[in-house]
Amino acid sequence: MARQLYTTTFLHLATLLFISRTISAVRFTPQPTPTNDLDFIRSSCNATLYPDVCFTSLAGYASAVQDNPAKLAKLAIGVSLSRAKHTASYLSKLSRTAASAAVHDCVSNVGDAVEQMHGSLQQLREMNHHRQGAPAFRFQMSNVQTWMSAALTDEETCTDGVTEEMEDGDTKTAVCERVGDVKRFTSNALALVNTYANNGA
């Protein structure tokens, strides 16, 4: 009798544990990104020069962006800014050992690009906290467009200088590849900013 009671109790506990784990698994399984959110990212990225790079870098945030062009513009700038910061750090370390003046110029160029993108992101964040009329929106977005365009110009100045002044080799290739990567992200961010500026308030 005692053995039967023990077996029954064990089966009840095992069943409850199975049900509890099943409920937890259902509750905490990440939900797939809605197709329409991904479609918004994809269609927006089609307006950029590097749509594949754009979609790959932003698709993971589709649920947060949904179909909001302001959020998408901020996200794109944030992603580009992160890339630029990492590249600026790489160039700064490289400049300690590289004798090339072009590398030292790149440190300044990419550093300036970081500041321009940071200013653009800050402007967009401030606009979120205050409802903007059309004139104010156009003025502030013009600032963002100017800063993002300047950031891209700074990055191009870096790669132009390296291409013209540095001897061929691993260092030249590495600098051009890293800064070229940042240029693609900045170009995409600028394109999404322009779309938002043209279709916003």
Side-chain angles (χ1 to χ4, degrees), residues 41-42 44-61 65 69-127 139-198:
I41 299 288
R42 193 184 304 279
S44 298
C45 285
N46 283 339
T48 70
L49 289 178
Y50 310 98
D52 291 340
V53 172
C54 177
F55 182 76
T56 301
S57 64
L58 304 179
Y61 306 93
V65 172
K71 290 182 178 179
L72 183 60
K74 281 189 294 183
L75 174 62
I77 294 174
V79 170
S80 181
L81 177 59
S82 177
R83 293 269 178 159
K85 284 181 176 179
H86 280 98
T87 299
S89 177
Y90 162 76
L91 291 170
S92 179
K93 292 176 183 177
L94 181 62
S95 69
R96 297 168 193 164
T97 56
S100 172
V103 172
H104 291 267
D105 289 342
C106 272
V107 172
S108 177
N109 296 144
V110 177
D112 288 344
V114 167
E115 291 183 9
Q116 301 282 5
M117 283 187 272
H118 187 272
S120 298
L121 195 57
Q122 186 62 34
Q123 178 78 91
L124 287 177
R125 285 173 176 167
E126 290 175 359
M127 290 170 65
F139 173 74
Q140 291 173 325
M141 284 306 300
S142 176
N143 288 338
V144 176
Q145 289 172 295
T146 298
W147 292 330
M148 289 303 296
S149 179
L152 185 58
T153 298
D154 286 327
E155 293 157 8
E156 289 173 342
T157 299
C158 166
T159 53
D160 287 347
V162 168
T163 300
E164 293 171 4
E165 298 176 24
M166 287 188 69
E167 294 183 3
D168 291 342
D170 292 343
T171 300
K172 179 178 181 178
T173 299
V175 171
C176 287
E177 286 180 351
R178 285 175 179 259
V179 180
D181 176 71
V182 177
K183 283 165 60 177
R184 286 188 286 274
F185 281 87
T186 304
S187 171
N188 285 345
L190 175 58
L192 295 175
V193 164
N194 289 339
T195 298
Y196 175 43
N198 293 333

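Applying the salt bridge (charged side-chain N to carboxylate O under 4.0 Å, His left out) test to pairs two or more places apart or on separate chains, those with a residue in residues 156-173 are Asp168-Lys172.
Here the closest heavy-atom approach between residue Ala47 and residue Ala191 is recorded as O-CB, 4.0 Å. Minimum heavy-atom separation, Leu192 to Cys54: CD1-SG, 4.1 Å. Annotation for Cys45 and Phe55: closest pair SG-N, 3.4 Å, computed over non-hydrogen atoms. Between Met117 and Ile77, the shortest heavy-atom distance links the atoms O-CG2, 3.7 Å. Here the shortest heavy-atom pairing between Met141 and Leu124 reads SD-CD2, 3.7 Å. Taking both residues in full, the closest heavy atoms of Cys158 and Val110 are given as SG-CG2, 4.4 Å, listed atom of the first, atom of the second, then distance.
Without hydrogens or angle criteria, Ser95 side chain to Ser92 main chain gives a donor-acceptor distance under 3.5 Å. Looking at Asn188, its side chain never comes within 3.5 Å of a backbone N or O of Thr48 through a donor-acceptor pair. Judged purely by atom type and a 3.5 angstrom limit, Ser108 has no side-chain atom pairing as donor or acceptor with the backbone of His104. At least one donor-acceptor pair under 3.5 Å links the side chain of Thr153 to the backbone N or O of Ser149.
By the 4.5 Å heavy-atom criterion applied to side chains, Phe185 and Val79 are counted as neighbours. His118 is not listed as a side-chain neighbour of Glu115, based on a closest heavy-atom distance of 4.5 Å or more. No side-chain heavy atom of Leu58 sits less than 4.5 Å from a side-chain heavy atom of Val65. By the 4.5 Å heavy-atom criterion applied to side chains, Leu91 and Val179 are counted as neighbours. Within the 4.5 Å cutoff, no side-chain heavy atoms of Thr195 are placed close to those of Pro69. Residues Leu94 and Cys106 fail the side-chain proximity criterion, which asks for heavy atoms closer than 4.5 Å. With a 4.5 Å cut-off on side-chain heavy atoms, Val175 and Tyr90 count as touching. Two residues are said to be in side-chain contact when any heavy atoms from C-beta on lie closer than 4.5 Å; Met148 and Thr186 meet this criterion.
Asp181 is linked by a side chain to side chain donor-acceptor pair (under 3.5 Å) to Arg83, counting only residues two or more places apart in sequence or in another chain. With sequence neighbours excluded, the residues satisfying side chain to side chain donor-acceptor pair (under 3.5 Å) with Lys183 are Thr159.
Taking CG of Leu75 as the start and CD1 of Ile41 as the end, the distance is 7.0 Å to the nearest 0.5 Å. Note: Leu121 CG to Ser80 OG = 10.5 Å, rounded to the nearest 0.5 Å. The CZ atom of Phe139 sits 8.0 Å away from atom CD of Gln123, with the distance rounded to the nearest 0.5 Å. Here the CG atom belonging to Asp112 is positioned 5.0 Å from the CG atom belonging to Asp154, to the nearest 0.5 angstrom.
Between Ser120 and the options Thr146, Val193, Val144, Leu81, a side-chain contact (heavy atoms from CB on, under 4.5 Å) holds for only Val144. Here the options are His86, Glu155, Lys85, the test is side-chain contact (heavy atoms from CB on, under 4.5 Å), and the partner is Val182; only Glu155 passes.
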